[in-house]
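Per chain, numbering begins at 1; letters A, B, ... match sequence-line order.
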Number of protein chains: 2
Amino acid sequence: MYSGRLAAELPRAARVLMFKADGSVLIHSDGGSYKPLNWMSPPCSVSESTVEGELTFEVVNRGGELLTITVHEIHADYKHALGVDPGLIKDGVESHLQKLLAENLDALGDGLTLVRREYPTAIGPVDLLCKAAAGGSVAIEIKRRGEIDGVEQLTRYLELLNRDPLLAPVSGIYAAQEIRPQAKTLAQDRGITCVRVDYEVLKGLDDPSLRLF
Amino acid sequence: MYSGRLAAELPRAARVLMFKADGSVLIHSDGGSYKPLNWMSPPCSVSESTVEGELTFEVVNRGGELLTITVHEIHADYKHALGVDPGLIKDGVESHLQKLLAENLDALGDGLTLVRREYPTAIGPVDLLCKAAAGGSVAIEIKRRGEIDGVEQLTRYLELLNRDPLLAPVSGIYAAQEIRPQAKTLAQDRGITCVRVDYEVLKGLDDPSLRLF
DNA sequence: CCGTAAATGTCGTCG
DNA sequence: CGACGACGTTTACGG
């Protein structure tokens, strides 16, 4: 049973319980994706007791959320210390795309000059801020997948940036590997240019071994 | 190693591998929350082989995503069929809140009459559409936690609904159990009323055993 | 610690 | 199957 941000109950059945070194607990079924049926995230603490003859775990975190597990039968029990994990190394996420685009602005349009990446504003950082050859500025929002919320995000930035006389007029470019129809429609409605970019092609442009000149 | 929507690599270390009945695979470390370091979601298929003397699993899905796992050493290996899971029963999510508010519009304001829940528009359903006693309509967006994206969502609806002469003028109410300061500020800036609602109180109102009349 | 944005998000629902 | 929104989102990154 979980009680916290919502209340949830899990009927009795065979499950896999995983207790991690940091006190977190996962309750998995034999299907579904990686999300457990029920869980407690760290930081939290586990206490073990016997309630009415049954093994019971109580897992609590600082926010007062509580996960109570009653064990009716143990099919198997195994314990092993794994030690610290070196962690996952990723390639191809938004930050990589941003870096490559900053170095290859031609992929986005003609005559763009980079002002800076992660240009700070009061409502969050603009992925890329550029100067346009014709004058004025260009704010670029980059997504791996271009959905509607990215258009909203860029719209907020444009509204704010256009109040700055040193930057105005500021136009917008929405760059993504894939742009959803609804996002494209909303972007066009707001005068925002959509550009599809190809990560692999950009990476090729960036790879010195593939450069011809 | 994962290759698909991005590329990712996980250095050799002690881990927990979980193979589920539907072919999905999780690779967990001894910390962090419920998200595995690496994984493959169903539907997918697992093939097992020996590559250069080492046990290797290849997990593929229909989209051509590939997860390759090389096993250097097995500390423990356990298999058990769990059967079909009865699943988690939740209480306190947005749909409950929406239902309770539809039945207790007084909690949101005076003189409101429900037109319908999930009022359909071209850009998505409005949680609650009401008529105001003074004429015109009221669109209500409900969230468990009121953040900025909910204000954006409601703003889009209002813009669209106000184009409909049968509904206009349409004002907005943003109802949530908790409203973030930034969301409140943006809502006020756009003339949207914010209302904090208490799920437990509403549930009490709805509980027939607690009714006085 | 709060606030914002990204995510191999996942998960449900509805067309 | 795609589109869209909710999620106990989780996770990473700033200030």
Quick check on dA5(C): is either OP1 or OP2 less than 4.0 Å from any side-chain nitrogen or oxygen of Tyr157(A)? yes
Does Asp149(A) reach a base, just sugar-phosphate, or nothing at all? Heavy atoms under 4.0 Å. nothing
Partner lookup for dG8(D), please. Criteria are Watson-Crick or G-U wobble with both distances under 3.5 angstrom; report none if nothing qualifies. none
Given DNA chain C, 5'-ward residue of the pair Glu147(B) and Tyr34(B), judged by closest heavy atom: Glu147(B)
Taking 4.0 Å as the cut-off, does a side-chain nitrogen or oxygen of Arg180(A) come that near to OP1 or OP2 on dG5(D)? no
Taking only the C1' atom of each, what is the distance from dA7(C) to dA6(D) in whole angstrom? 15 Å
Under 4.0 angstrom, heavy atoms only, what part of the nucleic acid is Glu141(B) near: base, sugar-phosphate, or nothing? sugar-phosphate
Does Ser41(B) place a side-chain N or O at less than 4.0 Å from the phosphate oxygens OP1/OP2 of dT10(C)? yes
Which whole-number value in Å describes the distance from Met1(A) CE to dG8(D) P? 16 Å
How about Val138(A) and Thr193(A): do any of their side-chain heavy atoms sit closer than 4.5 Å? no
Can Tyr2(B) be classed as stacking with the base of dT8(C), given a centroid separation cut-off of 5.5 Å and a plane angle cut-off of 30°? yes
Residue mapping more 5' on DNA chain C - nearest nucleotide basis, Met40(B) or Arg156(A): Arg156(A)
Using the six-membered base ring of dT8(C), report whether Trp39(B) stacks on it, requiring centroids under 5.5 Å and planes under 30° apart. yes
Rounded to whole Å, the NZ-C1' distance (Lys90(B) to dT10(C)) equals 10 Å
Give a yes or no on whether the backbone of Glu152(B) and the side-chain of Asp149(B) come within a donor-acceptor separation of less than 3.5 Å. no
Over all strands shown, is Ile123(A) touching base, sugar-phosphate only, or nothing at heavy-atom distances under 4.0 angstrom? sugar-phosphate
Rounded to whole Å, the CD-P distance (Gln177(B) to dA6(D)) equals 14 Å
Between P of dG12(C) and CG of Leu37(A), the distance in whole Å: 10 Å
Would you check if the side chain of Tyr157(A) reaches a backbone N or O of Gly172(A) as a donor-acceptor pair within less than 3.5 Å? no
P gap between dC11(C) and dT11(D), integer Å: 15 Å
Whole angstrom value for the distance that separates P of dT10(C) from CG of Leu88(B): 19 Å
For a quick check of understanding: with a heavy-atom distance under 4.0 Å over all strands, which category does Leu97(A) fall into, base, sugar-phosphate or nothing? nothing
Tell me, yes or no, whether the heavy-atom count around Lys131(A) atom NZ, taken from other residues, nucleotides or ligands under 6.0 Å, exceeds 12. yes
Rounded to whole Å, CD of Gln98(A) lies from P of dA5(C) at a distance of 13 Å
dG2(D) phosphate, OP1 or OP2: any side-chain N/O from Arg145(A) under 4.0 angstrom? no
Give the nucleotide from the list dT8(C), dC11(C), dC7(D) with an atom nearest to the side chain of Val93(B). dC7(D)
Compare the minimum distances between each of dC11(C), dT8(C), dA6(D) and the side chain of Lys143(B), then state the nucleotide with the smallest one. dA6(D)
Using atom CD of Gln153(B) as one end and atom C1' of dC7(D) as the other, report the distance to the nearest whole Å. 14 Å
Mind calculating the distance between CG (Leu6(B)) and P (dT8(C)) to the nearest angstrom? 5 Å
Determine whether a donor-acceptor pair (N or O, by modelled atom type, separation under 3.5 Å) exists between the side chain of Asn162(A) and the backbone of Val170(A). yes
Closest approach to the side chain of Lys35(A), judged atom by atom: which nucleotide of dT10(D), dT8(C), dT10(C) is it? dT10(C)
Sub-3.5 Å donor-acceptor pair from the side chain of Asp189(B) to the main-chain atoms of Thr185(B), do we have one? no
